[in-house]
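Working notes, beginning with the structure itself.
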Protein chains: 2
Amino acid sequence: MDDVFKALADASRRSLLDRLHAKNGQTLNELCEGLAMTRQAVTKHLVILEEANLVTTYRHGREKLHYLNPVPIHQIGERWIKKFERGKLTALSELKRQLEKRDE
Amino acid sequence: MDDVFKALADASRRSLLDRLHAKNGQTLNELCEGLAMTRQAVTKHLVILEEANLVTTYRHGREKLHYLNPVPIHQIGERWIKKFERGKLTALSELKRQLEKRDE
DNA sequence: TTGACAGGCAACCATTTGGTTGCCTATTAT
DNA sequence: ATAATAGGCAACCAAATGGTTGCCTGTCAA
């Protein structure tokens, strides 16, 4: 879980996921196109995404295809974000209540 | 948005949010209890959470109360995670299809 | 009014991170 | 066979990160 949060913390990596979301199964060079970064930098990001299990790769000849795995993102949503959904309103109204009694 | 992802990337900070979720409106010292970290380290984490707007503070005398603001977390869920929900099944079946034709 | 308590500020430190360059290997196309 | 293409590996670098210690300020209670 920590790996996933860490992987998602970087904007370049999130944009790589976006690119794969737009078009799945891209090669490394395809993913590099138009990016202000060397191929090696992109490789490093992709390794981090792989280790977080957010991207799965598949070697085809001399090409390496990258596939998005949305499961960990879904799990973050289910296991983590949903926990804070409940009680959102109560938390806010509690805060409001506290702020309003500030000058007592 | 980047601030929020960055803030959530650290396990200590996520556990601080958990603590506030369990009991809202805690003081700094309260939040330090039982943590293997100095008060100053916790302060730094709380500053990052404040800057990401995940925590709101309110000074009461010599105490500083910390309140959880779940809105940014909710936004991550709505604006980011949901984007990858759609197409989850299609992405997986696409991957499966590709993997299966590997030995053609 | 004076000591204890809650918290803030700043300097410093080691490690991690995000990036680079240079070179090497494997596969494909001519 | 050979050149071009796709990617991998390793060393190196600057800046950011997560933590520490030491000391200072403001508020409350005896």
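In what follows, every chain begins at residue 1, and chains take the letters A, B, ... in the order their sequences are listed.
Residue B:Leu49 contributes atom CG, which lies 14 Å from atom C1' of D:dT17 at whole-angstrom precision. The distance from atom CZ of B:Arg14 to atom P of D:dG18 is 11 Å, rounded to the nearest whole Å. Distance B:Phe5 CZ to C:dG18 P: 15 Å, rounded to the nearest Å. Look at CG on A:Leu31: it is 13 Å from C1' on D:dA6, rounded to the nearest Å. Rounded to an integer number of Å, the gap from A:Leu28 CG to D:dT5 C1' is 12 Å. In this entry the distance linking CG of B:Leu8 with P of D:dG18 reads 12 Å, nearest Å. For A:Asp2 and D:dG18, the CG to P distance is 11 Å, given to the nearest whole Å. Residue B:Leu46 contributes atom CG, which lies 16 Å from atom C1' of D:dT17 at whole-angstrom precision.
Between B:Asn29 and C:dC5, a side-chain N or O to OP1/OP2 separation shorter than 4.0 Å is absent. Between B:His45 and D:dG19, a side-chain N or O to OP1/OP2 separation shorter than 4.0 Å is present.
Interatomic distance, CG of B:Asp18 versus CG of B:Leu68, reported as 9.5 Å (0.5 Å rounding). Atom-to-atom distance recorded for A:Arg62:CZ and A:Thr27:OG1 is 11.0 Å, nearest 0.5 angstrom.
No option in B:Ile48, B:Val71, B:Asn69, B:Leu17 other than B:Leu17 meets the side chain to side chain contact (heavy atoms under 4.5 Å, CB included) test with B:Leu54.
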Polar atom pairs between nucleotides 27-30 of chain D and protein, under 3.5 Å, N or O only, would you list them?
unit_1	atom_1	unit_2	atom_2	d
D:dT27	O2	B:Arg62	NH1	3.3

Below 3.5 Å is the cut-off: list the nitrogen or oxygen pairs between protein and nucleotides 20-22 of chain D, distance only.
unit_1	atom_1	unit_2	atom_2	d
D:dT20	OP2	B:Thr38	N	2.9
D:dT20	OP2	B:Thr38	OG1	2.4
D:dG22	O6	B:Gln40	NE2	3.2

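For B:Glu50, the side chain to side chain contact (heavy atoms under 4.5 Å, CB included) test picks out B:Val55, B:Thr57, B:Lys64, with sequence neighbours left out. Applying the salt bridge (charged side-chain N to carboxylate O under 4.0 Å, His left out) rule to B:Glu30 yields the partners B:Lys23; only residues at least two apart in sequence or on another chain are considered. With sequence neighbours excluded, no residue satisfies side chain to side chain donor-acceptor pair (under 3.5 Å) with A:Arg19.
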- In sequence, state the C-alpha distance, the side-chain angles, and the governing distance for B:Phe84 and A:His21, and then conclude on ring-ring contact (aromatic ring centres under 6.0 Å, His included). CA-CA 7 Å; B:Phe84 291 92; A:His21 185 245; 4.8 Å; yes
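Of the candidate nucleotides C:dG8, D:dG18, C:dG19, C:dG8 has the atom lying nearest to any side-chain atom of B:Lys64.
Between A:Glu63 and A:Ile48, the one whose closest nucleotide on DNA chain C sits nearer the 5' end is A:Ile48.
In terms of heavy atoms, A:Leu20 sits closest to A:Gly25 at CD2-N, 4.3 Å.
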Side-chain donor-acceptor pairs under 3.5 Å in residues 3-10 of chain A, sequence neighbours left out?
unit_1	atom_1	unit_2	atom_2	d
A:Lys6	NZ	A:Asp2	OD2	3.1
A:Asp10	OD2	A:Ser12	N	2.8
A:Asp10	OD2	A:Ser12	OG	3.4
A:Asp10	OD2	A:Arg13	N	3.2

